[in-house]
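Just so we're clear, the structure is a prediction, and the values are computed from it rather than from any experiment. The chains referred to below are lettered A, B, ... by the order of the sequence lines, with proteins before strands, and numbering in each begins at 1. In what follows, every heavy atom counts, from backbone to side chain, and hydrogens, waters and symmetry copies are set aside.
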Protein chains: 2
Amino acid sequence: MPERPGGRTARVRASVLRAAGDMLAERGFAALDLGELATRAEVGRTTVYRRWGSVAAVVADLLLEMAAESLPRADTGTLLGDLRANARLVVRTLTDPRQGALFRSMLAAATSDEATAAALRRFYTTRIAEWAPCVTDAVARGEVPADTDPEEVIRAVSAPLYYRLLTGTAELDETAADRAAEAAVVAAKAGVHRRGSGSPE
Amino acid sequence: MPERPGGRTARVRASVLRAAGDMLAERGFAALDLGELATRAEVGRTTVYRRWGSVAAVVADLLLEMAAESLPRADTGTLLGDLRANARLVVRTLTDPRQGALFRSMLAAATSDEATAAALRRFYTTRIAEWAPCVTDAVARGEVPADTDPEEVIRAVSAPLYYRLLTGTAELDETAADRAAEAAVVAAKAGVHRRGSGSPE
DNA sequence: CCGTTAACGGAACTACAGTCCCATTAAGGA
DNA sequence: TCCTTAATGGGACTGTAGTTCCGTTAACGG
């Protein structure tokens with residue numbers, strides 16, 4: 001019994017995911033109804049229910065699709081330059097109407113659906129691993145301590161930006177991006193992000 | 001036409017919110033069904049639909065209730081001590097079964113419901129304002145630059161903790177709390193969180 | 001203590017999300 | 001090209017979330 005990923009099946013998936021992206025950008029996660037999604041994708045309602053079965057699953061699939069086209073890390077020669085590029089990329093992504101809506105939805109769906117949460121973790125693990133070499137290189141250049149935890153530094157850049165996205169307590173712009181990068185660099189240089197560092201007294 | 005906030009009405013509200021908290025802690029946001037909620041609260045289904053009307057509204061009301069009993073800021077004499085106390089409080093809150101589930105739900109609901117998003121912003125604005133004096137005092141003591149943005153520093157403490165809560169990419173424990181506090185202090189001392197600071201070259 | 005009426009709650013009703021069945025279509029292999 | 005069967009999709013079915021109606025209960029004022 002062979003699998004059939006080609007031809008029609010692929011077209012259906014592409015059509016559904018495109019429609020889902022449109023609907024998320026237009027009206028957000030709560031309005032993503034599978035019946036309406038099927039209509040807009042010009043696909044049978046049964047097909048959508050059979051292949052995905054829930055809104056969370058559609059959103060998770062959409063994330064997989066997007067993860068495939070993630071941008072490569074920067075290499076500007078300094079840690080600050082690299083992390084600033086990363087931070088600005090994150091801000092551009094989160095403020096983009098389609099991608100921003102998608103990320104909000106993903107984060108929302110992941111809080112109640114374990115499969116979506118797993119997809120989300122994979123996504124961030126991959127993304128963080130892609131950018132971690134920026135820190136490794138900075139260690140090689142002697143910019144930061146040798147036992148600096150690369151992943152921790154990358155997370156430190158994104159964290160304030162996601163915090164703003166979710167709480168809406170401050171602007172999410174390039175200034176915020178630059179500040180996030182700068183804070184991460186200063187902390188890393190001070191040795192805050194060394195492996196196993198916690199209560200440093 | 002007088003309002004009637006007392007007696008039975010208050011009992012109904014308390015009963016519904018308690019049941020909602022239970023259900024969130026047990027099975028999460030997605031499983032919060034208004035019909036079942038009414039049954040568990042021993043309240044008429046009609047009442048729940050009339051007074052709240054949606055899951056997001058119940059969750060928002062629950063947050064208001066909780067905001068009323070938020071803890072006062074610490075005053076340990078040093079910025080690091082104060083921020084560490086704040087960070088540990090945030091971690092305790094987010095890892096508590098009831099409160100953690102509630103916050104996840106709030107954040108999820110806020111991504112698609114504007115009223116919930118507004119309640120969330122109010123909550124964080126209040127909370128951040130409560131802790132901002134820690135930074136103001138640190139300025140007075142000369143620990144950090146005079147034009148340091150107090151709210152920005154407080155947000156910087158919480159951000160990595162919320163990032164971990166949502167992405168699940170790293171542990172959310174006391175070590176993370178201490179590191180978040182330390183990073184915020186180091187960055188603040190270096191002048192990263194000065195008002196209007198963005199691209200500091 | 002009594003009357004007014006805001007708020008509650010049971011029950012019937014409605015609409016629609018999600019499922020099931022089965023005929024139709026088209027991938028992929030020989 | 002033909003055959004097998006994975007995958008699709010229309011349509012009927014069903015369970016249940018959410019609404020409406022209206023009688024009942026109990027706050028609050030006098």
Could you tell me whether the side chain of Arg179(B) and the main chain of Arg194(A) form a donor-acceptor pair under 3.5 Å?
yes
Reference residue Leu94(A); test side-chain contact (heavy atoms from CB on, under 4.5 Å); the match among Leu166(A), Leu165(A), Leu89(A)
Leu165(A)
Distance-only donor-acceptor hits, side chain of residues 16-26 of chain B, under 3.5 Å, sequence neighbours excluded:
unit_1: Asp22(B); atom_1: OD1; unit_2: Arg98(B); atom_2: NH1; d: 2.4
unit_1: Glu26(B); atom_1: OE1; unit_2: Arg40(B); atom_2: NH1; d: 3.1
unit_1: Glu26(B); atom_1: OE2; unit_2: Arg40(B); atom_2: NH2; d: 3.2

Using a 4.0 Å cut-off on heavy atoms, which residues in residues 26-53 of chain B reach DNA chain D? List them by number, or say none.
Asp33(B), Arg45(B), Thr46(B), Tyr49(B)
CZ of Arg8(B) versus P of dA7(C): gap in Å, rounded?
10 Å
Pairs under 3.5 angstrom only: tabulate donor-acceptor contacts from the side chains of residues 117-128 of chain B to other protein residues two or more places apart or in another chain.
unit_1: Arg121(B); atom_1: NH2; unit_2: Glu114(B); atom_2: OE2; d: 3.0
unit_1: Tyr124(B); atom_1: OH; unit_2: Tyr162(B); atom_2: OH; d: 2.7
unit_1: Thr125(B); atom_1: OG1; unit_2: Arg121(B); atom_2: O; d: 2.6
unit_1: Thr126(B); atom_1: OG1; unit_2: Arg122(B); atom_2: O; d: 2.8

Does a side-chain N-to-carboxylate-O contact under 4.0 Å join Asp61(B) and Arg51(B)?
no
